[in-house]
Amino acid sequence: MVNNLINKSSTAKNVVVIGTQWGDEGKGKIVDWLTDHAQGVVRFQGGHNAGHTLVVGQGDAQRVYKLNLVPSGIVRAGVNCYIGNGVVLDAGHLLHEIDSLEKDGLEVRSRLKVSSGCPLILDYHVRLDVARELKRGADKKIGTTGKGIGPAYEDKVARRALRLYDLFYPEQFSEKLRDVLDYHNFVLTKYLGAEAVDFYEQLDSALQKSDLIKPMVADVSAALYAANAAGQNLLFEGAQGTLLDVDHGTYPYVTSSNCVSGQAAAGTGVGPNMLHYVLGITKAYTTRVGGGPFPSELDIDTDNCPGTQMSVKGQEIGTVTKRKRRCGWFDAAALRRSAMINGLTGLCITKLDVLDGIEELNICTGYTLDGKHLDLLPIGADDVARCLPTFETVPGWSENTFGVKTWDGLPKAAQNYLKRLEALCGVPVDIVSTGPERDETIVLRHPFA
């Protein structure tokens, strides 16, 4: 049966959606929009540190959904959603999110399949995350969400993680929990000066969730192969952004997982030959939340300046963190790095309208580092922090681009700006998003075509 699924040719087309900057590029809206052509949407990395905001409908019927773990396809009736083994899972948060969505009238449980291989985020992971940030002090904070994501991934790599399937064997789970909790409580109390986590409270809390989650647990890898063999289009939904990738980002100011397109295979258990198109989502400018270097950064606190316009008009507040996002000019050298890492097929430019009215726009085309010119973002935070940006200035536009639905409807200067980004990055602009609603989208080439 499995061999038949693997070898069977299929007319399905599968698309991977990736953030190409430091996250917050508007992936949720695009995934929701693309789901019109997909029968399944898959999360493959990260945890509930991701934040996807979807705006559905208009006027009094408009609904805003804020998702963390549940794939964005859930707001489309009849679409199956999958959480792959590459996701670290806070079971309590998942159940809370499901309850919230079902109160809004969405059917979730019958359409959601969760990999039994997901590592669990438990109370001690959260406590470790918070205590470490406090110990680092204000100047050395990584800027984590404090949700236990990093410590959970550490346990996975150290081969001491408790995974979702462990919950269904209470005695085995209890034994594993006692061993790992002894270790983490030692670190919490002796090194970080924090409170220990009570073994029995943690055990009861975890096991209480097992019966609620068990009906949704599945072999996600096999389910995706079966869907593909049946001719179903699949959409792989990335979280965070390429420059936050633990291997390829501005380390150590990164997230704890791989955020790049290749992780779609490893984080779900499908082969790379099932990934047919990689769509890179990028804002028409650049933002970053938390610490870390940002070569094209602008002032966002002074009135009547471009950075402040980006911050205010773009409503640049983190979905999860509620922190103000730092804002800056579009960084083409960073995007070229993302294009290489992800093997981008096409770009989707979001939030073009935020630049309306800025007389002149700068584009970072490269950097100077130790007297040498660089065309690509360096590896690691230390060198990036020493980079001096090289800017190219292009004309802005005064016309309104919000909600424009055709390429010809864009001002000529906006078209030229997009063409210049395309040329500098070496990747075609296939989609332009001009607003948060589904139909506020310009399609030059459809990823599922």
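Here the structure is a predicted model, which is why all the values come from computation and not from measurement. Here, residue 1 is the first one in the sequence, and each next residue gets the next number.
A salt bridge (charged side-chain N to carboxylate O under 4.0 Å, His left out) check over residues 338-352, counting only residues at least two apart or in different chains, returns the pairs Glu316-Lys351. Screening residues 67-106 for ring pair (Phe, Tyr, Trp, His ring centres under 6.0 Å), with sequence neighbours left out, gives His48-His93. Within the structure, every pair that satisfies the salt bridge (charged side-chain N to carboxylate O under 4.0 Å, His left out) test and touches residues 31-41, not counting sequence neighbours, is listed here: Asp32-Arg76, Asp32-Arg438, Asp36-Arg76. For the ring pair (Phe, Tyr, Trp, His ring centres under 6.0 Å) condition, the pairs that include at least one residue of residues 248-300, sequence neighbours left out, are Trp22-Phe294. Under the salt bridge (charged side-chain N to carboxylate O under 4.0 Å, His left out) criterion, no residue pair touches residues 329-341, with sequence neighbours excluded.
Under 4.0 Å is where a charged nitrogen must lie from a carboxylate oxygen, and between Glu422 and Lys419 no such pair does.
The salt bridge (charged side-chain N to carboxylate O under 4.0 Å, His left out) check on Asp245 picks up nothing, with sequence neighbours excluded.
More than 12 heavy atoms of other residues, nucleotides or ligands sit less than 6.0 Å from atom CG of Asp299.
Without hydrogens or angle criteria, Lys405 side chain to Asp439 main chain gives no donor-acceptor distance under 3.5 Å. When atom types are taken as modelled, the side chain of Asp166 and the backbone of Leu162 share no donor-acceptor pair closer than 3.5 angstrom.
Under 3.5 Å, the side chains of Glu107 and Ser110 contain a donor-acceptor pair of N or O atoms.
In this pair, His125 and His184 present their aromatic rings perpendicular. The plane angle is above 60°, beyond the 30 to 60° band.
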